[in-house]
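Read the numbers this way: they start at 1 and go in the same order the structure lists the ligands and their atoms.
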Amino acid sequence: MQVSSFENCGAIVSGLQLAGMTDSQLTELRAAFNQHGLLFFRDQQLPPDEHLRFARRFGKIVVNKFFKTTIEHAEIAEVRKEKTQQTNIGGGWHTDHSYDDEPALGSILVARTLPKTGGNTHFADLAAAYDALPDILKKRLEGLRAIHSNTHLYGENGLYRLTDLADQLGGMDRVGDAIHPVVIRHPESGRKVLYVNPGHTIQFEGWDFNESRKLLDELYGHVNQPQFTSNFNWLPGSVTFWDNRRTWHMADNDYQGQIRLMHRITLAGAALTAG
Ligand code: SIN
């Protein structure tokens, strides 16, 4: 198995088929995942059963509360955009499930139907971004906690509810918030990670909303720089596996009139501890 850094976030793994990996390959893969926080794979033979098998070998699956799942597999979420739809899922920077008390460990996304061009996914490395913050800002973030929510997206008047994505989503009654440290200690690598994201972080606990927005926007501007990001173009057989505790991601919506269908399995995580 070869693991090579990919642009400025993640690594590409070659010489490995995820289906039928040996136990020692799995151990190597875990180490690469914890080192890079994001792995890309090409030319995989990973039908839904094998996708599930790989996920289960890595951890416990958690089912997304809002996305539809495939008919055959209740643990595989569909990230689908039909030819006739304008809005895509995950079109802005976010971290999956940060609105849960125990945010997801990671997500494994498999390309099923791709547009002829476009539909890339961008990623950002929040451990590298934290390391590069000025010391004065690191000091300011010490001890802070932030509120993460999904109500503004999936609730009654939520952004996704008001678009042509609405009939693809379930469970408005499942909306809710969670509070996490703004700087977390990554449970595997021990690195400090900036744990806020534009999709779900609403404000700092105990802070005025506008003051929160100012600092959040400054942090988002810092993360969204080329030195912390990568841009992955999907091909048939491509798979990505990202650590939700360490990365943001965002899918381009530049293929209007074409279908794009991805299968996503999300792995359960645990409560986060301050860094
Ligand atoms: C997601 O936000 O989980 C989906 C990303 C993608 O479709 O590329």
Side-chain angles (χ1 to χ4, degrees), residues 6-7 9-10 12 37-42 44 46 48 51 55 61-70 73 75-83 85-100 103-126 148-150 152-154 158-160 163-165 168-171 197-201 220 223-224 229-256 258-269:
F6 181 80
E7 298 180 359
C9 179
I12 190 140
L38 163 65
L39 300 176
F40 301 104
F41 307 85
R42 297 282 190 203
Q44 296 295 308
L46 206 67
H51 188 187
I61 293 172
V62 61
V63 179
N64 183 279
K65 291 184 261 199
F66 305 106
F67 298 171
K68 286 204 167 137
T69 61
T70 68
H73 304 281
E75 292 162 303
I76 301 182
E78 286 196 335
V79 179
R80 176 188 284 274
K81 182 171 180 242
E82 295 289 355
K83 282 182 188 174
Q85 276 175 308
Q86 301 295 309
T87 320
N88 69 336
I89 292 175
W93 283 119
H94 66 285
T95 299
D96 297 336
H97 295 210
S98 74
Y99 45 74
D100 286 337
L105 178 157
S107 304
I108 307 161
L109 193 70
V110 178
R112 295 295 178 209
T113 308
L114 292 171
K116 282 198 185 73
T117 58
N120 285 9
T121 307
H122 302 256
F123 294 90
D125 183 342
L126 298 164
H148 297 246
S149 183
N150 48 34
H152 58 293
L153 297 176
Y154 304 106
L159 200 64
Y160 281 172
T163 70
D164 56 1
L165 264 182
Q168 238 169 271
L169 303 170
N197 71 88
H200 302 299
T201 312
Y220 296 159
V223 176
N224 189 12
T229 57
S230 60
N231 175 4
F232 186 69
N233 70 309
W234 293 90
L235 298 170
S238 297
V239 175
T240 61
F241 182 16
W242 62 83
D243 189 328
N244 279 303
R245 301 151 313 176
R246 164 151 175 204
T247 55
W248 288 351
H249 58 281
M250 167 176 77
D252 280 342
N253 187 12
D254 55 354
Y255 53 94
Q256 297 298 351
Q258 299 179 70
I259 183 173
R260 180 178 182 270
L261 172 64
M262 319 295 272
H263 280 179
R264 195 178 94 187
I265 298 181
T266 303
L267 296 176

Visitor: Just heavy atoms, cut-off under 4.0 Å: does Met250 contact ligand 1 by side chain, backbone, both, or neither?
Guide: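 For Met250, no heavy atom sits under 4.0 Å from ligand 1.
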Visitor: Are the side chain of Glu75 and the backbone N or O of Val63 linked by a donor-acceptor pair below 3.5 Å?
Guide: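 Such a contact is absent between Glu75 side chain and Val63 backbone.
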Visitor: Record the part of Leu109 in heavy-atom contact with ligand 1 below 4.0 Å; permitted values are side chain, backbone, both and neither.
Guide: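 Under 4.0 Å from ligand 1, Leu109 contributes side-chain atoms alone.
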Visitor: Out of all atoms in ligand 1, which are within 4.0 Å of some heavy atom of Gly90? Include the element for each.
Guide: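 Answer, ordered by atom number: 2 (O).
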Visitor: Are the side chains of Thr240 and His249 in touch, meaning some heavy atoms are under 4.5 Å apart?
Guide: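 A side-chain contact is absent here, since even the closest heavy-atom pair is not under 4.5 Å.
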Visitor: If you measure every N/O of Thr121 against every N/O of ligand 1, is any gap under 3.5 Å?
Guide: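 N/O-N/O distance under 3.5 Å: yes.
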Visitor: List every atom of ligand 1 that sits less than 4.0 Å from any heavy atom of Val79, numbering the atoms from 1 in the order shown and giving each element.
Guide: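 Under 4.0 Å from Val79, ligand 1 has these atoms: 4 (C), 7 (O).
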Visitor: Please enumerate all residues that pass side-chain contact (heavy atoms from CB on, under 4.5 Å) together with Ala55, with sequence neighbours excluded.
Guide: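 side-chain contact (heavy atoms from CB on, under 4.5 Å) list for Ala55, sorted by chain: Ile61, Ile108, Ile265, Leu267.
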Visitor: Return the option from Arg260, His122, Met262, His249 holding the heavy atom at the smallest distance from atom 7 (O) of ligand 1.
Guide: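 Considering heavy atoms of Arg260, His122, Met262, His249, the nearest to atom 7 (O) of ligand 1 sits in Arg260.
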Visitor: Can you list the ligand 1 atoms lying under 4.0 Å from a non-hydrogen atom of Arg264?
Guide: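 Counting from 1, the qualifying ligand atoms are 1 (C), 3 (O).
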Visitor: Is the closest side-chain heavy-atom distance between Leu38 and Phe6 below 4.5 Å?
Guide: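 They are not in contact (no side-chain heavy atoms under 4.5 Å apart), so the answer is no.
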Visitor: So is His94 polar-close to ligand 1, meaning N/O to N/O under 3.5 Å?
Guide: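 Checking ligand 1 against His94, an N or O pair does fall under 3.5 Å apart.
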Visitor: Report yes if the side chains of Tyr220 and Trp93 come closer than 4.5 Å at any heavy-atom pair, otherwise no.
Guide: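 Heavy-atom side-chain distance check fails, nothing below 4.5 Å.
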Visitor: How far apart are the closest heavy atoms of Arg264 and Val79, and which atoms are they?
Guide: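 Arg264 and Val79 have their closest heavy atoms at CB-CG2, 4.1 Å.
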